[in-house]
Chemist: 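The following block contains the structure, expressed as structure tokens.
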Amino acid sequence: MDETAARRDGILRLFPGPVTVVGVAAGGVLGGLTASWVTRVSMEPPLLMVAIGRQRRTWDLLQESTHFTVSLLGEGQVAEARLFGLKSRRDVDKWAQVAHDLVGPGLPVMRACAASCLCAIEGRFPAGDHDCLVGRVVEVTRGPLDAPLPLCGADYAP
Ligand SMILES: Cc1cc2nc3c(=O)[nH]c(=O)nc-3n(C[C@H](O)[C@H](O)[C@H](O)COP(=O)(O)O)c2cc1C
């Protein structure tokens, strides 16, 4: 990366975002990843958008899925963010390592989190090296943890 791109990248990283775990289930496999590129895009109907890199195992599983889940991590859940964000389902069954519940058509959400929701996929479009998926929020659960985990300040280096 040249100096201009590195500076631009550093500035873009200043944008705050949530730390979530996006969950999916397809063909009997539970998958998911840590995602910060997650945002609300409509109140009525309630829509969430997630950006998923096309090289992720989660992206593969989302091709066969009608739904995804979003678990909003709470304060202190850096280990969970690292587990889902630094390891791939190609190598590790990440959901086997955390307490979770299955919602809707068998999708995983974290039991310990600030909030979780089940989304029915309504749209998909490519955006550079990611695909954006827009999901209608069909079920929400308030988790036991309070403040959302902030993106900045934690160490997500491999
Ligand atoms: C804090 C953090 C935020 C991340 N946000 C995203 C994101 O929004 N979208 C994405 O595709 N990957 C994101 N990643 C990277 C994936 O979580 C990571 O590549 C993961 O290992 C992919 O797992 P999978 O191959 O099982 O899908 C993030 C990683 C971290 C640590």
Side-chain angles (χ1 to χ4, degrees), residues 1 5-6 8-42 47-103 105-110 112-119 121-137 143 145 147-158:
M1 192 186 293
R8 183 194 58 219
D9 208 48
I11 290 170
L12 289 175
R13 280 177 196 279
L14 294 176
F15 282 71
V19 185
T20 74
V21 170
V22 169
V24 66
V29 175
L30 299 186
L33 49 61
T34 297
S36 287
W37 298 358
V38 174
T39 187
R40 296 169 69 188
V41 289
S42 167
L47 298 176
L48 274 180
M49 187 170 74
V50 301
I52 305 295
R54 278 188 287 278
Q55 69 275 40
R56 318 286 189 230
R57 177 65 178 133
T58 303
W59 184 91
D60 299 335
L61 298 169
L62 283 165
Q63 301 313 296
E64 301 163 44
S65 186
T66 55
H67 292 75
F68 62 82
T69 61
V70 178
S71 299
L72 179 67
L73 296 191
E75 205 174 9
Q77 291 190 293
V78 176
E80 290 83 347
R82 287 177 57 88
L83 168 67
F84 279 87
L86 298 177
K87 295 191 185 328
S88 175
R89 182 62 178 86
R90 292 189 181 95
D91 310 312
V92 179
D93 182 356
K94 295 180 257 187
W95 286 106
Q97 299 185 36
V98 295
H100 61 274
D101 294 305
L102 299 181
V103 296
L107 280 84
V109 293
M110 310 261 302
C113 63
S116 63
C117 39
L118 171 68
C119 299
I121 298 172
E122 294 211 338
R124 306 169 190 247
F125 60 92
D129 52 9
H130 283 56
D131 276 0
C132 291
L133 284 87
V134 176
R136 182 190 286 247
V137 179
L145 302 181
L149 174 66
L151 174 59
C152 298
D155 180 9
Y156 297 114

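Both backbone and side-chain heavy atoms feed into the values below; hydrogens, waters and symmetry mates do not. Just follow the structure's listing: the first ligand is 1, and inside any ligand the first atom is 1.
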Chemist: Heavy-atom count check: over 12 atoms from other residues, nucleotides or ligands less than 6.0 Å from E75 CD?
Modeler: no
Chemist: Please list, in number order, the atoms of ligand 1 under 4.0 Å from a heavy atom of I52.
Modeler: 11 (O)
Chemist: Which ligand 1 atoms, with their elements, are less than 4.0 angstrom from a heavy-atom of W37?
Modeler: 8 (O)
Chemist: Starting from atom 11 (O) of ligand 1, which protein heavy atom do you reach first, and at what distance in Å?
Modeler: G53 N, 2.8 Å
Chemist: Answer yes or no: is there a side-chain heavy-atom contact under 4.5 Å between L30 and L102?
Modeler: yes
Chemist: Need the ligand 1 atom indices (1-based, order shown) with element for anything under 4.0 Å from a heavy-atom of F84.
Modeler: 17 (O), 20 (C), 21 (O)
Chemist: With a 4.0 Å cut-off on heavy atoms, does A51 reach ligand 1?
Modeler: yes
Chemist: Under 30°, 30 to 60°, or over 60°: which ring-plane class applies to W95 and H100, parallel, tilted or perpendicular?
Modeler: perpendicular
Chemist: Give me the atom names and distance for the closest heavy-atom approach of S88 to R57.
Modeler: OG-CB, 3.8 Å
Chemist: Is the count of non-hydrogen atoms from other residues, nucleotides or ligands lying under 6.0 Å from W59 atom CH2 greater than 12?
Modeler: yes
Chemist: Restricting to non-hydrogen atoms, name the atom on P108 and the atom on T69 that form the minimum distance, rounded to 0.1 Å.
Modeler: O-OG1, 2.7 Å
Chemist: Relative to atom 3 (C) of ligand 1, which among S36, P18, A157 owns the nearest non-hydrogen atom?
Modeler: S36
Chemist: When you measure from atom 10 (C) of ligand 1 to every protein heavy atom, which one gives the shortest distance, and what is it?
Modeler: R56 NE, 3.5 Å
Chemist: Mark up the atoms of ligand 1 that fall under 4.0 Å of a heavy atom belonging to K87, in ascending order.
Modeler: 20 (C), 21 (O), 23 (O)
Chemist: Any side-chain heavy-atom pair from M49 and F125 closer than 4.5 angstrom?
Modeler: yes
Chemist: Quick one: side chain to side chain contact (heavy atoms under 4.5 Å, CB included) partners of Q55, sequence neighbours excluded?
Modeler: none
Chemist: Can you tell me which residue and heavy atom of the protein come closest to atom 18 (C) of ligand 1, and the distance to 0.1 Å?
Modeler: G85 O, 3.2 Å
Chemist: Is the number of heavy atoms from other residues, nucleotides or ligands under 6.0 Å of R90 CZ greater than 12?
Modeler: yes
Chemist: Can you list the ligand 1 atoms lying under 4.0 Å from a non-hydrogen atom of G32?
Modeler: 26 (O)
Chemist: Identify the heavy atoms of L149 and A81 that sit nearest to each other, and give their distance.
Modeler: CD2-CB, 4.2 Å
Chemist: Under 4.0 Å from any heavy atom of K94, which atoms of ligand 1 are there?
Modeler: 23 (O), 24 (P), 26 (O)
Chemist: Select the closest option to atom 13 (C) of ligand 1 among V92, L33, T34, judged by heavy-atom distance.
Modeler: T34
Chemist: For atom CZ of R124, is the number of surrounding heavy atoms from other residues, nucleotides or ligands below 6.0 Å larger than 12?
Modeler: yes
Chemist: Suppose we measure from atom 27 (O) of ligand 1 to each protein heavy atom; which comes out shortest, and what is that distance?
Modeler: T58 OG1, 2.6 Å
Chemist: At what distance is the nearest protein heavy atom to atom 25 (O) of ligand 1, and which residue and atom is it?
Modeler: S88 OG, 2.7 Å
Chemist: What atoms in ligand 1 come closer than 4.0 Å to a heavy atom of Y156?
Modeler: 1 (C), 31 (C)
Chemist: Which of the numbered atoms in ligand 1 are below 4.0 angstrom from a heavy atom of L151?
Modeler: 1 (C)
Chemist: Looking only at protein heavy atoms, which one is nearest to atom 26 (O) of ligand 1, and how far off is it?
Modeler: R89 N, 2.7 Å
